[in-house]
Amino acid sequence: MDIIFHETETEVRTADFDLDKTFNCGQCFRWRPEEGAARSYIGVAYGRAARARQIGESVFISGGREEFESLWRDYFDLGRDYAAIRAALSVDPYMARAAEHGAGIRILRQEPWEALCTFIISQCNNIPRITQIVEALCRLFGAPVQFEGRTLYAFPAPETLAALREEDLAPLRCGYRARYIIGAARAVAEGRIDLEKLKDAPERDAVVSLKALDGVGDKVAHCAALFGLGKLNAFPVDTWMKKALESQYGGRADVSRFAPYAGIAQQYIFHYARSSARPAS
DNA sequence: GAACAGGCAACTC
DNA sequence: GAGTTGCCTGTT
């Protein structure tokens, strides 16, 4: 992997980074395709706005060395050897195909609160609507961030949402999830759950702590652990995964074969199952 | 109108 | 403990 610092952008050159797959494999909801530009996205993470665009095997991320080293290198998980992980995960023909198909996906290290909150919103919702609700949440309650003359919004802090009432979330049209969002925000803001601390806890303990929150079950807890706490062995099972596991392993999937990277295996399977069910984009 | 969408909790037996 | 049902809202 080569890192090249240009005047206003940092170039990451590697065969193992595919922006389209990384942003569209369902792990995040805050990177939007830039209109009129292919393979170019604008998003906000950790309160910083950026453009990420890809040309061939080069990904260009806005910002210089300081910003790249302090944020984007970790955010895009660029220190990890995904090719070696794919090889280790290829323990059966199906998994090998899924891994091959998902080459280039990187698990983003998102803000813990953002991951928890967006996956609470995701329950029983489709992706366009999740994106819409998350955007509205940020627009209404997030801090504005200027980027190239446009105003974007950071993900709202738990403290901000903790001060709201359920009715304040009515414009989001997120239904019964409003109660869960406020409840989780208060738990975080009041220190009843310490997400930063859970980053260092064993995955099993982190999942148990997350599930103590109202509205957080197995699936959401594993998503928050995988995408927000860096627990790469967390294995969220949603309806897509259920179908894929059922058809490939007869419902008796032995996830321990994928340790310690079951979460990455999950992303490969999820992406593979979904893209073979839809016309290629 | 009914069924469903990247679940969860409360309730049943 | 496995299975069922209501929940907000929007789309098909």
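Below, all heavy atoms of this structure are taken into account, side chains as well, without hydrogens, waters or symmetry copies. Keep in mind it's a predicted model, so treat the numbers as computed, not measured. Just so we're on the same page: letters track the sequence lines, and every chain starts at 1.
- Using modelled atom types, one side-chain atom of A:Arg106 and one backbone atom of A:Phe76 make a donor-acceptor pair closer than 3.5 Å.
- The shortest non-hydrogen separation linking A:Arg48 to A:Glu66 is NH2-OE1, 4.2 Å.
- A:Asn24 places a side-chain N or O within donor-acceptor distance of the main-chain N or O of A:Asp20, the cut-off being under 3.5 Å.
- Here A:Arg173 lies in heavy-atom contact (under 4.0 Å) with sugar-phosphate atoms only.
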Legend entry - B/S/- contact track for nucleotides 6-13 of chain B, protein heavy atom under 4.0 Å: BBSS----
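- Separating the NZ atom of A:Lys242 from the P atom of B:dA5 is a distance of 11 Å, rounded to the nearest angstrom.
- Using a 4.0 Å cut-off between a side-chain N of Lys or Arg and a carboxylate O of Asp or Glu, A:Glu34 and A:Arg51 qualify as a salt bridge.
- Here the shortest heavy-atom pairing between A:Cys117 and A:Ile181 reads SG-CG2, 4.0 Å.
- With both ends at atom P, the span from B:dC11 to C:dC8 equals 15 Å, rounded to whole Å.
- Cation-pi contact between A:Arg139 and A:Tyr153: absent, since separation from the ring centre below 6.0 Å together with deviation from the ring axis within 45° is not met.
- Contact detail for A:Pro158 and A:Ala185: the closest heavy-atom pair is O-CB, 3.6 Å.
- Using a 4.0 Å cut-off between charged nitrogen and carboxylate oxygen, A:Asp74 and A:Arg109 do not count as a salt-bridge pair.
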Inset, instruction - Evaluate the ring pair (Phe, Tyr, Trp, His ring centres under 6.0 Å) criterion for residues A:Tyr268 and A:Tyr94: first the C-alpha distance (whole Å), next the side-chain angles of each, then the deciding distance (0.1 Å), finally the verdict. - result: CA-CA 11 Å; A:Tyr268 290 147; A:Tyr94 175 73; over 10 Å; no
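- In terms of heavy atoms, A:Leu164 sits closest to A:Arg186 at O-NH2, 2.7 Å.
- For the P atom pair drawn from B:dA3 and C:dT4, the interatomic distance equals 16 Å after rounding to whole Å.
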Inset, instruction - Would you please test A:Leu232 and A:Ile85 for side-chain contact (heavy atoms from CB on, under 4.5 Å) and show each step? - result: CA-CA 11 Å; A:Leu232 294 185; A:Ile85 292 171; 5.7 Å; no
Inset, instruction - Dot-bracket notation for DNA chain B is requested: 5' to 3', Watson-Crick or G-U wobble pairs only, both distances under 3.5 Å, with ( ), [ ], | and . as defined. - result: .||||.|||||||
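- The distance between atom CD of A:Gln132 and atom C1' of B:dA5, rounded to the nearest whole Å, is 14 Å.
- In 5' to 3' order, the nucleotides of DNA chain C bounding all contacts with chain A (an atom under 4.0 Å from a heavy atom) are C:dC7 to C:dG10.
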